[in-house]
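In what follows, a single structure is set out as structure tokens and then discussed.
Atoms within a ligand are numbered from 1 in the order they appear, just like the ligands themselves.
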Amino acid sequence: MNRTQEQYEKARQYLAGGVAASTRLNRALGRPMYFARAEGCRVWDLDGREYFDLCASHGAALLGHGDPRVRQAVEDVLARGAACSYEHELHAQLAELLCQTIPCCQRVRFTGSGTEATMHCLRLARAFTGRPKILKFEGNFHGYHDQVMFALGTPADQLGPDDAPTAYPGSTGITPGIERQLVLAQYNRTDLLEEAFRRHAGELAAVILEPVWYNAGCILPRPEFMATLRRLTTEHGVLLIFDEVLSAFRMCAGGAQEYLGVTPDLCTLGKAVGGGFPLSVFGGREDVMRRLMPEGDCQHSGTYNGHPIGVAAGLAAVKVYREEGFYDHIRAVGERLVAGLNQVFQRHGMAGQARGLGARLGIYFGVERFETYRDLVQHRRDLMLRFVAAAIEEGVYFHDYGGAACHHGFSAALTLPEVEQVLDRLDRAVGRLGAAKP
Ligand SMILES: Cc1ncc(COP(=O)(O)O)c(C=O)c1O
């Protein structure tokens with residue numbers, strides 16, 4: 001037994017399911033992965049094997065592991081005692097920088113995780129509008145709280161009608177009846193969105209969506225879908241919330257809202273905003289954010305909110321994202337990686353397709369077109385799992401957490417020459433899959 005397996009056996013005796021978080025189990029391996037060390041774009045497992053990390057902490061490690069600028073900022077705060085649960089001078093510094101960077105942000109608040117950020121944002125939207133319901137898109141992911149844990153991985157035979165997707169629960173134990181406060185629609189289906197507004201506009205507090213749908217790999221909103229969404233929400237006084245937990249800082253400093261040229265009323269930021277440390281943010285229009293206590297009547301608080309370690313790390317990281325040339329490098333690496341991966345699939349006659357934007361990408365097997373969740377359910381997960389297992393064997397780490405199509409990505413620490421090494425390893429991995437070709 002190797003050290004990784006030993007560790008998992010030990011963990012299973014004390015940790016529920018042997019993991020600290022359910023999706024840590026890599027479905028391609030049937031066990032979690034343990035890394036003893038991480039530096040830049042590489043990780044080393046407990047047995048000393050080295051991997052290029054194409055999970056990149058699910059997007060949190062946009063600067064790479066152990067970035068010295070982030071580390072220095074964290075060490076400075078630690079040296080001063082890192083007292084939490086008090087206001088800190090770093091809070092306003094990061095808030096100011098975020099308001100200068102993210103188009104919709106006139107005011108922000110800090111929370112600890114993406115889940116908390118969407119939860120508070122939705123409460124705020126209800127408080128501001130006085131309306132009960134939220135429109136969410138089939139397959140879009142917004143964290144683990146009860147209100148949004150529906151229509152995530154709906155099986156193909158239970159999708160329901162086109163204009164009324166099934167509120168398929170993503171877990172047991174969800175508050176009974178809470179799904180009645182959700183209106184579900186299909187991503188990229190402008191006609192069905194218009195229909196949903198005809199039926200429900202008056203009771204909608206907000207529409208929440210992934211403005212670039214990275215949780216489905218990498219799916220972009222069609223321009224007319226996005227334009228209609230912005231128009232309808234404005235016309236009906238419904239708040240438009242971009243959940244940028246994953247898309248923020250991914251392709252440009254202003255995130256998907258800058259990239260798409262569409263400004264929402266509110267947004268959430270997570271993962272990369274903390275430079276690899278726990279921090280998330282929600283923010284937006286000043287008049288809406290004023291509804292938060294103590295100015296207004298909507299509650300948002302927490303012992304660890306705005307913990308100085310996360311805020312210091314975030315401040316250091318966001319300064320780097322704003323540096324000249326940062327996204328030129330991300331773009332060059334991303335384009336080469338995606339093109340090279342598609343060449344690898346072609347060379348081996350495999351029905352795989354990679355698609356990316358900025359520092360994240362999706363890999364799809366056996367699907368030509370993917371714009372909605374209903375396209376995605378055709379994706380050959382069996383091939384994906386074999387591909388991921390073979391890639392890990394060759395020294396490229398992808399994490400398959402069991403989504404319809406998982407998201408993958410890289411950090412800014414990955415260089416162009418290293419991309420060629422990644423592609424060589426993936427070429428060998430796909431070569432080994434001969435027997436698995438469709
Ligand atoms: C778009 C989106 N929203 C919310 C979340 C939840 O964030 P967290 O895992 O930090 O709670 C995620 C996490 O993957 C996400 O991708």
Can you name the atoms of ligand 1, numbered from 1 with element, that are less than 4.0 Å from a heavy atom of [X]?
{"X": "S113", "result": "10 (O), 11 (O)"}
{"X": "L246", "result": "16 (O)"}
{"X": "H142", "result": "3 (N), 4 (C)"}

If the plane angle is over 60° it's perpendicular, under 30° parallel, otherwise tilted; pick one for F365 and F345.
perpendicular
If we only consider heavy atoms of H58, is any one of them less than 4.0 Å away from an atom in ligand 1?
no
Distance under 6.0 Å and angle within 45° of ring axis: R12 vs Y8
yes
Please determine, by modelled atom types, if [X] and [Y] share a side-chain donor-acceptor pair under 3.5 angstrom.
{"X": "R126", "Y": "Q147", "result": "yes"}
{"X": "Q186", "Y": "D162", "result": "yes"}
{"X": "Q7", "Y": "T4", "result": "no"}

Closest to atom 3 (N) of ligand 1 among protein heavy atoms sits D243 OD2, 2.7 Å
Identity and separation of the nearest protein heavy atom to atom 9 (O) of ligand 1
Y144 CE1, 4.2 Å
Selection from [options] by shortest heavy-atom distance to [atom]:
{"atom": "atom 13 (C) of ligand 1", "options": "E244, K271, R360", "result": "K271"}
{"atom": "atom 2 (C) of ligand 1", "options": "F141, F242, Y214", "result": "F141"}
{"atom": "atom 7 (O) of ligand 1", "options": "G114, G59, A21", "result": "G114"}
{"atom": "atom 16 (O) of ligand 1", "options": "T115, T111, N215", "result": "N215"}

In this structure, is the centre-to-centre distance between the rings of Y144 and F141 below 6.0 Å?
yes
Salt bridge between E418 and R42, side-chain N to carboxylate O under 4.0 Å?
yes
